[in-house]
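Below is one structure, written out as structure tokens; comments come after it.
Everything quoted here is computed from the prediction, not taken from an experiment.
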Amino acid sequence: MNDVTEALGNLLATDGDINLCYYGNDDEIHALNDFLHGHCHDFERPDAYYVFDKQILIVEHFRHDCYKRTSRGSKGTEEDRRIDREFDKLLKSGSPSTFHDVIDVKSSYNQYIQNAILIFDDHYRKIDAYVDHVKKDIEEKQPEIGYDTLRVCFLLEDKSLLPPTVQNEEDCQETILLLRSKEFLEHLANRPRVDWVMSIPAQEGIVSFYSQKYSKDSLADTRPYAELRFIPLTPHTVGGIISIPVQHDQEDLN
């Protein structure tokens, strides 16, 4: 199971239906459901493709977050690796101890949207290569498949350490949904070669789906995140090693 099949598997409810947030008519949802119940081919460049009834769905999966990016990548990923190294040291010490640290990342709404657009466009420029690669694989290994429709789906997974959050009009905390962002949806509307986009939140929550066919429906119900106060949550981490003496019954010692 690769990242795509694992991520998409979470969309299927126990009764086999898809559980997500979407604006538009249900024909696109039925089409997505058909693909997800079709045959999945784990792949590279793109990450997977699905075959259903002479139709091909190309799926490319990538991650983004709400933190500043450097030449080494996301500051959030960099900090996550640093924490992992600290825990490794703790484990290797073998002695009872505790560990606490503040994860040094700064976040903002603009950074969140810019990161998503940056990585989206990077993969968008590779669509021709993805299509050619899948066509070649089908011609070489499965020429009997045949197909008359080919669609492209981008699967975005939010890897922010804490969900990006704003203070909404009711003075409550609200998690930002990428596919309800006016700025991001306007960007998608100008990227017509991607038929579908799915967005998986940073923590368990609402999975969103976008179809170019019904882009106007999505744009008609956006949230004004840019006008709301962004809440810069600071992640903390804590861990430890404890020593539990093993007690033996007298019979075990004999």
Side-chain angles (χ1 to χ4, degrees), residues 1-13 18-22 28-29 31-52 55-67 69 73-74 76-78 80-81 111-138 149-161 163-164 175-181 184-185 187-188 191-212 218:
M1 178 181 291
N2 68 6
D3 289 343
V4 169
T5 52
E6 182 178 358
L8 291 182
N10 295 331
L11 299 183
L12 296 177
I18 299 176
N19 184 19
L20 44 74
C21 173
Y22 162 67
E28 293 288 81
I29 292 295
L32 173 62
N33 201 34
D34 287 340
F35 276 118
L36 295 187
H37 286 89
H39 184 65
C40 177
H41 299 262
D42 290 346
F43 209 53
E44 289 292 337
R45 304 183 318 273
D47 292 313
Y49 68 91
Y50 285 77
V51 179
F52 176 80
Q55 299 178 81
I56 305 295
L57 176 66
I58 287 175
V59 181
E60 179 67 2
H61 167 261
F62 44 91
R63 300 175 175 89
H64 66 104
D65 59 32
C66 57
Y67 309 118
R69 297 184 67 84
S74 165
T77 301
E78 187 179 322
D80 205 24
R81 290 171 181 163
Q111 192 68 62
Y112 182 64
I113 298 303
Q114 289 172 12
N115 287 349
I117 287 175
L118 179 69
I119 195 166
F120 185 98
D121 283 354
D122 180 55
H123 289 274
Y124 190 85
R125 288 188 288 268
K126 299 173 183 175
I127 287 179
D128 283 333
Y130 296 156
V131 171
D132 290 344
H133 198 195
V134 167
K135 286 182 176 179
K136 183 178 180 181
D137 188 69
I138 291 174
T149 302
L150 190 150
R151 293 186 175 189
V152 176
C153 175
F154 279 2
L155 176 61
L156 286 75
E157 188 172 3
D158 185 352
K159 299 302 288 185
S160 301
L161 301 174
T175 299
I176 294 172
L177 298 180
L178 183 63
L179 293 184
R180 293 197 70 191
S181 159
F184 190 71
L185 288 175
H187 189 79
L188 289 190
R191 299 294 182 273
R193 296 197 65 189
V194 175
D195 300 278
W196 296 338
V197 178
M198 280 183 281
S199 175
I200 298 177
Q203 295 183 5
E204 186 174 342
I206 300 174
V207 176
S208 305
F209 176 69
Y210 166 91
S211 168
Q212 286 288 7
S218 294

Is it the case that the side chains of Tyr49 and Asp137 hold a donor-acceptor pair, with the cut-off being a distance below 3.5 Å and no angle test?
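Judged by distance alone, the side chains do pair up.
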Donor-acceptor pair between Gln212 and Trp196 side chains, under 3.5 angstrom
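Checked: Gln212/Trp196 side chains show no N/O donor-acceptor pair below 3.5 Å.
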Closest non-hydrogen atom pair, Leu150 against Asp195:
O-OD2, 4.4 Å
Apply side-chain contact (heavy atoms from CB on, under 4.5 Å) to [X] and list each qualifying residue two or more places apart in sequence or on a separate chain.
| X | value |
| --- | --- |
| Asp132 | none |
| Asp128 | Arg193 |
| Arg45 | Tyr130, His133 |

Go through the structure and list residues passing salt bridge (charged side-chain N to carboxylate O under 4.0 Å, His left out) with Arg191, not counting sequence neighbours.
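Here the qualifying residues are Asp121.
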By salt bridge (charged side-chain N to carboxylate O under 4.0 Å, His left out), Lys135 pairs with (sequence neighbours left out) none
Derivation and outcome, salt bridge (Lys or Arg N to Asp or Glu O under 4.0 Å), residues Glu78 and Arg69
CA-CA 10 Å; Glu78 187 179 322; Arg69 297 184 67 84; over 6 Å; no
Side chain proximity check, Asp158 to Tyr112, heavy atoms < 4.5 angstrom
yes
With side chains defined as the heavy atoms from C-beta onward, is the minimum distance between Phe154 and His123 less than 4.5 Å?
yes
Could I get the full list of ring pair (Phe, Tyr, Trp, His ring centres under 6.0 Å) partners for His187, not counting sequence neighbours?
none
Relative to each other, are the rings of Tyr22 and Phe209 parallel, tilted or perpendicular (30° and 60° limits)?
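Judged by the thresholds at 30° and 60°, the geometry between Tyr22 and Phe209 is tilted.
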